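Basis for what follows: all heavy atoms, side chains included, without hydrogens, waters or symmetry-related copies. Convention: sequence-line order gives letters A, B, ...; per-chain numbering from 1. Note that the structure is predicted; figures quoted are calculated from it, not measured.
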Amino acid sequence: MVKVAIWGSLRGATDGKAEVEVEAGNFKQLLDQLAINYPGLKPQIKRGVSLALDGKIYRDDWFVKINEDSEVVLMPYMVGG
Amino acid sequence: MKNIHVSTTINGDPTEFICAPDESLLDVLRDRLRLTGSKEGCGSGDCGACSVMVDGRLVCSCLVLGAEAEGVEVETIEGMADGDDLHPLQKHFINGAALQCGVCTPGILVAAKALLKKNPNPTDTEVRYWLAGNLCRCTGYDKIIKAVQAAAAEMRGA
Amino acid sequence: MALDEHKKRIFKLIGTRPPRPDGVDKVTGRAMYGADATAPGMLTGRILRSPHAHARIKSIDTSAAEALNGVKAVVTSADFGLPEDESVRDVQDNCMAREKVLYDGHAVAAVAAINVSVAKQALKLIKVEYEILAHVTDVDAAMQADAPVVLAGRAMDDLPKGMSENVTHHFEFGHGDMEAGFAKADKIIERSFKTAATHQGYIEPHACLATMGSDGKGELWVCTQGQYYVRELCADIMDMDTSQLRVTASEIGGGFGGKTTVFIEPVALALSRKSGRPVKLVMNREEVFRASGPTASSSTDVKIGMTKDGRITAAHATFRYQGGAFPSGTVQFGAQSSFAAYDLDAVQTIGWNTMTNRPKEAAYRAPGAPMAIYAVESVVDELCQELGLDPLETRLRNAAHKGTKSSYGPTFDDIGLEATLEAAKLHPHYTAPLGPNQGRGLSCGFWFNFGGNTCVALSLNFDGTVGITEGNPDIGGSRASISMMAAEELGIAYEKVRTIVADTNSLGHNDVTDGSRVTFAVGLATIKAARDAIKKMCSRAAKIWDIDEDAVYWEDGFAKPSGPNAGSFEPMSIEEIAATSPNTGGPIVGHHEVNAEGAGVSFGVHLVDVEVDPETGATTILRYTVFQDAGKAVHPDYVEGQMQGGAVQGIGWALNEEYIYGEDGRLQNPGLLDYRIPVASDLPNIDTVILEIPNPGHPYGVRGVGETPIVPPLAAISNAVSRSIGLRMSALPMSPPKILKALKSKG
């Protein structure tokens, strides 16, 4: 099981929890499981999310490996200028 | 209104063109003569990207009518290098990284050349005020001022 | 250790300052920008724009324009389909209004004619019937329940009661117990701030040349930060397969984020399709201001609590941004980045976005961050003043470092904030004496930076020189840095490498030049492409020597046998391997495709001294120093250039630049005279100090640097001005009339 930090305005979809646990070995599995367990997250996931894994930000990489003890933070999809 | 036939000299070459009465010299240079080195940044004389020399005077070519070029000497960025040899200003702009996107560069080079002709040993402040009519959004002007001074020093034989 | 991770080494080329490859073209006027291309039979395109801030389009009669001799095509939204994807539909509707015009300058129709005179005439003949609607341009007014609704049906889910349907986004970030945190504070300051919308201010207006053939194939020449994204958007809008549209990026005369999308390109393509001829479409400066993509304007509330010895115990901020007439989520970056420089136990940020009758926002260097960090750094500075604390020491006391849980969630790895603060502390600028009416201000700055989809091909020419093909428009000197990285890997001279930016057909997809990503991501891909080529070259040498591939290594431009057991062969130069490549297997090309991750965040600190004239309210910048962590400065001139250029844009944002709207909702200053960007005589030299705390995620330690520099100037200058006049300023820009007003109110 992997602990995922959920940002404040999404917590409405996770019963107010700032951190949820899902079974996932990579980014794609994580998103799929989040969508199944917390359907309220689906719209944001569709709009786009980034993943901060142990401090590194991943925007698209489905198969980046997530370990059980990794720090996983969900973030909005980044754009720059 | 009928188009106007103009005979002029551009970068030392005798040149003839036909233009509309309301066409600017900038439009003529770019669209009729394919001298696209001078740029249109604003069309209202505020940015200096279209700077050229007309009879030895620094002007915004977007504020000069094509018809006004009759019988004068126009100098554009395309005439700054001597064949293969870059002008010291051009060299120092490259070496001093005084350009990033480069779109303001032709106007600034023409303006800087005009300054150094008038005042071969300007202070930084004099350079900054002379170039106040040439907008740059990329560099913050720092390396531009340094490059102008480096070129000025070389031209003075210092 | 993975090949893409940083390993410390001594560099031969990295860190030097060779001349850039596009230098001669740009100083001679030869370089071709968006408006410099022509094509045989080319038509001139012009766009008709709404004079109203908000109106329903009752009818458009283009018949007289179409009948005018010399007009070859007229288009309106009727000539476009309806893209399925909502965000693409927004882009299209922004390029050409459908049903309603949503801001002053919104395009309603376009013509292509044989010359500009006929085109202008044709625009005058287009009859548009408008039903004028109530409009709203202010961010706070647009959020009120009774505000005129810009677009129906786009409000966020769970819209709070009392908020207008214009509100489209809501974000919250943070951690910790806010109540407990504020309870621990000895001093709490709450302040509200407002910033005006600004424009990226690139000197080159948007320009393109579009050619659609009767076989459905299209060519687009355009000044852009991302030719692949332009292709994607335009193909979608024009209902074409991506492969049928080839987009070539011209040299670009500035972008800063404003050229990461499309405004006129689909219109040019539609005109070309309809007329059957190439169409050149160029925005004039007024159109750039009215109808391209300025930043959001903002209204912010910040509350910070601090102990009397300078430790921040709790921090809260609410950000309200308006992103123009379409939904926009930029406020999320403001909400995330605002407290990034701080190690906090209790932090909470809330962000809202509202639509207004203003042009659709586009990115501008660190989108969303400058106005947010401006507010936060202003309150931190005020707390320091009230508590009698040194502002730099206080930043150091609270600085984020490795192991800090950031205000936006992730824990930081190696970051350079403390190093930049220490460098500022030691710098003579910090302790230089100040005179009357002078003040000193500082601010931290931050940007995330990222990687993205990147492809690079590195071709070995038969004479041993190298051609690099990459897909990212060069907005800061990146071609030079890319050549340097390849030459460093290959062990050859910089002059032997030529890097060009390719069209969309020549490489796989490359993400836009944004996010301070090019030196990082394209650099990473170039290094790997070079290593790929090296592997191939070693393999050719091995073949020639008839030994194992593993027995050959590469050094300083030569393939060498790796020890006495491999055999005593003379090293083979890159030239020799290249020359014999037709005999040993064919042309040698190294390449790499990746969606690069692992970009490092970039922190900066700016110090500024100002003098405010109490009679005129004019502010003079006396001295400015930029400190920034670049990870590894590949070409120091271009890193300095980013620091200086970004700082000066921030200076303009702080002191003069703003979009001014009238009661009628029309933009009052769409020109470079009244939208006042900094000029050479406004400024001193901008001193720079580059720090290098390597980014673990890049082979050379590179961090993006392009965006962070625009973030600190807003608060640094506001803090300096506030200290100079003895009054806290809380709105930007601090133009002379506004400072005079503040001084008068002080009495």
Side-chain angles (χ1 to χ4, degrees), chain B residues 20 22-23 27 30-31 34-47 49 76-78 80-81 86-87 89-91 93-109 124-125 127-146, chain C residues 17 19-20 22-33 35-36 38 115-117 200-205 251-256 282 284-286 474-477 635 637-638 640-649 651 671-673 677-688:
Chain B
D22 62 348
E23 210 169 310
D27 289 336
R30 290 179 53 78
D31 301 332
R34 303 289 169 88
L35 293 169
T36 53
S38 308
K39 309 296 179 193
E40 176 165 328
C42 69
S44 53
D46 297 313
C47 75
T76 72
I77 183 66
E78 286 89 349
M80 196 160 177
L86 294 178
H87 188 280
L89 278 166
Q90 291 170 308
K91 276 198 322 246
F93 265 56
I94 296 176
N95 295 338
L99 63 134
Q100 288 179 33
C101 83
V103 82
C104 72
T105 305
I108 291 193
L109 286 170
D124 276 5
T125 305
V127 177
R128 285 182 177 275
Y129 273 85
W130 183 271
L131 293 178
N134 290 84
L135 302 182
C136 173
R137 194 59 159 168
C138 293
T139 67
Y141 305 101
D142 184 289
K143 293 184 191 294
I144 290 176
I145 308 305
K146 289 174 175 147
Chain C
R17 301 170 190 246
R20 57 193 291 160
D22 52 330
V24 173
D25 286 342
K26 288 185 173 172
V27 300
T28 56
R30 258 198 332 245
M32 299 274 285
Y33 293 83
D36 296 339
T38 55
N115 61 47
V116 63
S117 305
Q200 303 82 353
Y202 30 83
I203 306 300
E204 177 203 31
E251 291 293 341
I252 182 173
F256 316 109
V282 179
N284 62 35
R285 181 53 57 177
E286 192 187 302
D474 183 349
I475 61 178
H635 193 310
D637 279 350
Y638 300 132
E640 287 163 3
Q642 292 303 303
M643 292 160 75
Q644 292 167 332
V648 170
Q649 285 181 316
I651 290 171
L672 287 170
L673 185 63
I677 77 173
V679 306
S681 51
D682 290 334
L683 302 163
N685 287 346
I686 309 288
D687 294 324
T688 58

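Most heavy-atom pairs under 4.5 Å with chain C, from the set B/Y141, B/F93, B/W130: that is B/Y141. Comparing C/D637, C/N685, C/V648 by how many heavy-atom pairs each has under 4.5 Å with chain B, the most go to C/N685. If you tally non-hydrogen atom pairs under 4.5 Å between each of B/M80, B/R30, B/Q100 and chain C, the highest count goes to B/Q100. The choice from C/G23, C/P19, C/G201, C/G477 that makes the most heavy-atom pairs within less than 4.5 Å of chain B is C/G201. Listed options C/G29, C/A680, C/G476 were ranked by heavy-atom pairs under 4.5 angstrom with chain B; first place goes to C/A680. Interface check for chain C: of the options B/N95, B/T105, B/L135, B/L131, the most heavy-atom pairs under 4.5 Å are formed by B/L135. Chain C forms the most heavy-atom pairs under 4.5 Å with one residue out of B/E23, B/H87, B/R34, and that residue is B/R34. Each of B/K146, B/E78, B/K143 has some count of heavy-atom pairs under 4.5 Å with chain C, and the biggest count is that of B/K143.
Atoms CD and CD, on C/Q642 and C/Q644 in that order, are 10.0 Å from each other to the nearest 0.5 Å. Within the model, atoms CG of B/L109 and CD1 of B/I77 stand 4.5 Å from one another, a figure rounded to the nearest 0.5 Å. If you take CG on B/D142 and OG1 on C/T688, they are separated by 7.5 Å, rounding to the nearest 0.5 Å.
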Atom pairs and distances, side-chain donor-acceptor, residues 37-44 of chain B, under 3.5 Å, sequence neighbours left out:
unit_1	atom_1	unit_2	atom_2	d
B/K39	NZ	B/T36	O	2.7
B/K39	NZ	C/D36	OD2	2.7
B/S44	OG	B/D46	OD2	2.8

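For chain C, the nearby part of B/L86 is the side chain; its heavy atoms alone come within less than 4.5 Å. With a threshold of 4.5 angstrom between heavy atoms, B/L99 approaches chain C through its backbone and through its side chain. Proximity to chain B involves both the backbone and the side chain of C/V24, based on heavy atoms less than 4.5 angstrom apart. Looking at C/I252, only its backbone comes within 4.5 Å of chain B, counting heavy atoms on both sides. Contact annotation for C/A35: both backbone and side-chain heavy atoms come within less than 4.5 Å of a heavy atom of chain B. Contacts between B/K91 and chain C at a heavy-atom distance below 4.5 Å are absent for every atom of the residue. Contacts of B/A49 with chain C are made by side-chain atoms alone, with heavy-atom separations under 4.5 Å and no backbone atom involved.
No side-chain donor from either of C/Q200 and C/Q649 sits under 3.5 Å from a side-chain acceptor of the other.
Looking only at side-chain heavy atoms (C-beta outward), C/M32 and C/D25 stay at 4.5 Å or farther from each other. With a 4.5 Å cut-off on side-chain heavy atoms, B/R128 and B/I145 count as touching. By the 4.5 Å heavy-atom criterion applied to side chains, B/Y129 and C/V679 are not counted as neighbours.
Counting only distance, with no hydrogens or angles, the side chain of C/K26 and the backbone of B/C101 share a donor-acceptor pair below 3.5 Å.
Contacts of C/Y33 classified as ring-ring contact (aromatic ring centres under 6.0 Å, His included), with partners at least two apart in sequence or in another chain: none.
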